[in-house]
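Step one of this worksheet: look at the structure below.
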Amino acid sequence: MPELPEVETVRRGLTQLVAGATIDHVDVYYPKMVRPDAEIFTADLIGRKIEKIDRRGKYLLFRFSGDLTLISHLRMEGKYDVQPEGSPIPKHTHVIFHLKDQRELRYNDTRKFGRMRLVKTGTEATELKSLAQMGPEPTESALTLAYMQRVFGKSHKIVKPFLLDQSKIAGLGNIYVDEVLWLSKINPLTPADTLTQAQLSVLRQNIIAEIARAIQGHGTTVHTFSTAFGETGDFQNELHVYGHEGEPCERCGTEIVKIKVAQRGTHFCPHCQPYPPEMQEGLVDD
DNA sequence: AGGAGTGTTAGTAA
DNA sequence: GTTACTAACACTCC
């Protein structure tokens, strides 16, 4: 479930719940999930204090005492929650961080896609290529129009997978890409380097504003996302196209369609987001 | 039974 | 080097 707004929502919840807590010991029930090997992973964490929790793109970065950082990616269904010591362990709980205050920080992940890496603080980029190559955060200061013009201008990749590429802009996923393209009236099949300066400017503003709004709404719950407090997000009520196939476009009434683009379900309004010129060649018009 | 799902990476081909 | 498509990861839900 987690794109940047959901990961940020989790980060804020976890900060309230476990920042300042100290690890007593750690149990790993699905060893493939962690690196280095579970034995080293668990041994290194004993007695460490969770000093703070950062985020970069869709990665959570738990900062521990003694210059240790846990890099955690939730992938599709990863979730953290905090439970009293000894509560029943659900089927899909894969890692438990036992805290010294009789609570447990638990990682749950139905599909087991999530991954954790324990590294020395400061070596994150060396240890993880995707962190080293991560594009700017979608904020007013980090995502400049000049940057947008430069990177879009040199790629002929169509804009949907372009925006999903974390090395271009950090944190966007399938839901918010569809939403910002609808807000910007850009067809998902448009090649990145054919967008006009005006379109890039509009797209940039919509990305920045939409991500900020989604964070304010505590993220989007479409399948099973919940915050660290076990609550759902609110932003699913603010979606315009994702999950709205067959419904009328809020702007023009045309039926929202769903197609496959770059192997991902893609929702858009065929009237507000017309196909780019090079795709319309050969189409019969009146 | 078959397909799709909020993500990412590896492999292959053009 | 770039783009595009497939498979894989593992599991649930419709």
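Atoms considered below: every heavy atom in the structure, side chains included; atoms not considered: hydrogens, waters and symmetry mates. Order of the sequence lines sets the chain letters (A, B, ...), proteins ahead of strands, with each chain counted from 1.
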Among dA4(C), dT9(B), dA10(C), the one nearest R111(A) by side-chain distance: dA10(C)

Mind checking whether H240(A) and W182(A) have parallel, tilted or perpendicular rings, split at 30° and 60°? parallel

If the plane angle is over 60° it's perpendicular, under 30° parallel, otherwise tilted; pick one for Y30(A) and H94(A). tilted

Rounded to the nearest Å, what distance is computed from the NZ atom of residue K79(A) to the P atom of nucleotide dG7(B)? 13 Å

Interatomic distance, F113(A) CZ vs dC11(C) C1' [rounded to whole Å]: 8 Å

Can you check whether Y80(A) and F62(A) have ring centres sitting under 6.0 Å from each other? yes

Categorize F162(A) for me: base, sugar-phosphate, or nothing, with a 4.0 angstrom heavy-atom threshold over every strand shown. nothing

Verify the distance criterion only: is there a donor paired with an acceptor across the side chains of D193(A) and H156(A) at less than 3.5 Å? yes

How long is the line joining CG of D109(A) and P of dC11(C), in whole Å? 10 Å

Just N and O in the side chain of K91(A): are any of them under 4.0 Å from OP1 or OP2 of dT12(C)? yes

Looking at R106(A) and D81(A), would you say the former's side chain and the latter's main chain have a donor-acceptor pair under 3.5 Å? no

For DNA chain B, which residues in residues 125-133 of chain A have a heavy atom at a distance below 4.0 Å? S130(A)

Under 3.5 Å donor-acceptor, Q16(A) side chain and L14(A) backbone: no

Any donor-acceptor N/O pair under 3.5 Å between dG5(B) base and R264(A) side chain: no

Contact check, side chains of V10(A) and R55(A), non-hydrogen atoms, under 4.5 Å: no

H156(A) NE2 - dA4(C) P separation (whole Å): 8 Å

Select one nucleotide: of dG5(B), dT8(B), dT6(C), the one nearest the side-chain heavy atoms of K258(A). dG5(B)

If you pin Q263(A) and K154(A) to their nearest nucleotides in DNA chain C, which one's is more 5'? K154(A)

Nearest whole angstrom, please: distance from the P of dG5(B) to the CD of E3(A). 13 Å

Whole-Å distance, E245(A) CD to dG3(B) P, equals 18 Å

Toss me the dot-bracket line for DNA chain C: Watson-Crick and G-U wobble, both under 3.5 Å, 5' to 3', using | for pairs to another strand and [ ] for crossers. .||||||||.||||

When you compare the side chain of D178(A) with that of T266(A), does any pair of heavy atoms fall below 4.5 Å? yes

If only atom types and distance count, is the side chain of Y275(A) paired as donor or acceptor with the main-chain N or O of P270(A) below 3.5 Å? no

It should be established whether H92(A) places a side-chain nitrogen or oxygen under 4.0 Å from OP1 or OP2 of nucleotide dT12(C). yes

Any base atoms under 4.0 Å from Q166(A), or only sugar-phosphate, or nothing? Heavy atoms, all strands. sugar-phosphate

If you check the K58(A) side chain, which of dT8(B), dG5(B), dT12(C) turns out closest? dT8(B)

Which part of the nucleic acid, if any, lies within contact of K260(A), taking any heavy atom under 4.0 Å across all strands shown: a base, the sugar-phosphate backbone alone, or nothing? sugar-phosphate

Roughly how many Å apart are dG1(C) and dT8(B), using the P atom of each and rounding to a whole number? 23 Å

Taken to the nearest whole Å, NZ/K112(A) to P/dC11(C) is 4 Å

side-chain contact (heavy atoms from CB on, under 4.5 Å), paired with Y59(A), selected from V7(A), L74(A), I71(A): I71(A)

Rounded to whole angstroms, how far apart are CG on D165(A) and C1' on dC5(C)? 16 Å

